[in-house]
Every structure is written in structure tokens, then in C-alpha cells.
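Everything below concerns the one structure shown next.
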Amino acid sequence: GIQVEQSPPDLILQEGANSTLRCNFSDSVNNLQWFHQNPWGQLINLFYIPSGTKQNGRLSATTVATERYSLLYISSSQTTDSGVYFCAVNPFRDDKIIFGKGTRLHILP
Amino acid sequence: GAVVSQHPSRVICKSGTSVKIECRSLDFQATTMFWYRQFPKQSLMLMATSNEGSKATYEQGVEKDKFLINHASLTLSTLTVTSAHPEDSSFYICSPRKAMNTEAFFGQGTRLTVV
């Protein structure tokens, strides 16, 4: 089946710093999403981005489907950005959503 | 976005008992329901997929007799953990889907602790 790899696995940054999280996938996909899992476990939808670039406030994402990767940018990090960020893909001809292992982000005050 | 309600959010049960988790799509009809399990500091792993009115399809390694899934309507699905054991303690999350290849939304999750 499709493999979804996220990097880095862990990231510790000072408040105000910028970060780039990467998601590589091994096969073509219908769509790709980025989620933030908060401390209570709730998955918060960040981006639905099968291709192209989207921005929402301090967050933006870019997916290059032909090269099978996506990037999530977080600018001017805040402590509330801490948590786990997941990339999840929907392979072609399959409606399942497959998750990467996540990037655990810790923003220090 | 879509509104998904999952409850209970937390449940503690004794070994050998059964626990039912409900997942509702409040503002859309879900043709397909996905159930995931997440162990501490790990990713979400798909357990099973169900279509309304049909039997669920389970992923490899998931016991269908232990994790009973009912998808009786387009807005409600239930996951019953039967004869629970401590190793079933985990975070269970549902994801109802409007249609294929659409954005996925998730319930708030249920933290199950079996003592």
C-alpha cells in the first residue's frame, strides 16, 4: 500500500520562529490533508490540498502532486501551535485516508 | 466544514464488559464511515470501513468479532468493543464521509480505558 512519510518526527522551536514540515508519499493520490491534533486528541482540519498552494493566516501549505510531496509552513510560531501535525492522503481508486506518523511540534515560550 | 459528534469522549470499563461508541454526522449524510484507533504517541490506524446498510470491511489484524460496527443509517454509526481487555485501551476516532474523494472530517474521539 501507499507509504506516507513525515519529517522531521520531532521539532522544538522558540516562539516566533518559522518552521517547515514535510510529507512525502509513495504513490499518486486523489487528495491530501493536513491536520493538527490538539492535546485532547481532536483532529483539526488545516488544509485540504491535493495540489497547489493555500494560505490561512500564519499557516500555508503547498502540494506538488507530480513529485509526491507536500509542505506545511508555520510562520511566527506561537505556543498554541504545539501539538502533532499529521499529513493524510487518499490514494487513487481507494477511499481510505492513510496517515503519516506525524510531526510533534513543541514551541517554547 | 462538516459537523461530527462522537460520544462518549471518555469511558472506563471493567475487563470483560462491552462498550459502545456512537458517531453522528450532524449536517450531512455519510455514505461511508471509517473507524480509526490511535495508541499513545502513535499515528491513526484504520480499523474498518462501513457503508450504510452493509457489513463492515476490517483491516488486516483487526478482529471483526471484537469490534462490532453498525452503520444503520446515513447519519449514525456505532463501534462496540466486546469483551474488552486492557490491551483494547486506546483512542478511537470516527470519520464519516459524504462521498468519495471529499475532505475528511473526524469526531472528537473516545478515550477508552479498560481496567
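Every chain is numbered from 1 and lettered A, B, ... according to where its sequence line falls, protein lines coming before strand lines. Side-chain atoms are counted along with the backbone in the values below, which use heavy atoms only and exclude waters and symmetry mates.
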Considering non-hydrogen atoms only, spot the tightest contact between A:Leu32 and A:Cys87 and give its length.
CD1-SG, 3.9 Å
At their closest point, which heavy atom of B:Ile69 faces which heavy atom of B:Ala48, and how far apart are they?
CD1-CB, 3.3 Å
Please collect all salt bridge (charged side-chain N to carboxylate O under 4.0 Å, His left out) contacts where either partner lies in residues 78-89 of chain A, sequence neighbours excluded, each pair once.
A:Arg58-A:Asp81
Could you look at B:Leu44 and say if it's the side chain, the backbone, both or neither that has a heavy atom under 4.5 Å from chain A?
both
Side-chain touch A:Leu71/A:Leu21, heavy atoms, less than 4.5 angstrom
no
Per-residue contact mode, B:Phe106 against chain A (heavy atom under 4.5 angstrom)
both
Provide the closest heavy-atom pair for B:Ile93 versus B:Gly109 in the form atom of the first, atom of the second, distance.
CG1-CA, 4.1 Å
Select one option (side chain, backbone, both, neither) describing which atoms of A:Phe92 are under 4.5 Å from chain B's heavy atoms.
neither
Check chain A against chain B and list any donor-acceptor pairs under 3.5 Å.
from: A:Asn30; atom 1: ND2; to: B:Asn101; atom 2: OD1; distance (Å): 2.8
from: A:Gln33; atom 1: OE1; to: B:Ala104; atom 2: N; distance (Å): 2.7
from: A:Gln33; atom 1: NE2; to: B:Ala104; atom 2: O; distance (Å): 3.2
from: A:Gln37; atom 1: OE1; to: B:Gln38; atom 2: NE2; distance (Å): 2.9
from: A:Gln37; atom 1: NE2; to: B:Gln38; atom 2: OE1; distance (Å): 2.8
from: A:Asn45; atom 1: ND2; to: B:Glu103; atom 2: OE2; distance (Å): 3.0
from: A:Asn45; atom 1: ND2; to: B:Ala104; atom 2: O; distance (Å): 2.8
from: A:Tyr48; atom 1: OH; to: B:Asn101; atom 2: O; distance (Å): 3.1
from: A:Asp95; atom 1: O; to: B:Arg97; atom 2: NH1; distance (Å): 3.2
from: A:Asp95; atom 1: OD1; to: B:Arg97; atom 2: NH1; distance (Å): 3.3
from: A:Asp95; atom 1: OD1; to: B:Asn101; atom 2: N; distance (Å): 3.2
from: A:Lys96; atom 1: NZ; to: B:Glu59; atom 2: OE1; distance (Å): 3.4
from: A:Lys96; atom 1: NZ; to: B:Glu59; atom 2: OE2; distance (Å): 2.9
from: A:Ile97; atom 1: O; to: B:Tyr36; atom 2: OH; distance (Å): 2.9
from: A:Gly100; atom 1: O; to: B:Ser43; atom 2: OG; distance (Å): 2.5

Within a strict 4.5 Å, meaning less than it, do heavy atoms of the A:Ile12 and A:Leu108 side chains meet?
yes
Mark yes when over 12 heavy atoms from residues, nucleotides or ligands other than B:Ile12 sit less than 6.0 Å from its CD1; otherwise mark no.
no
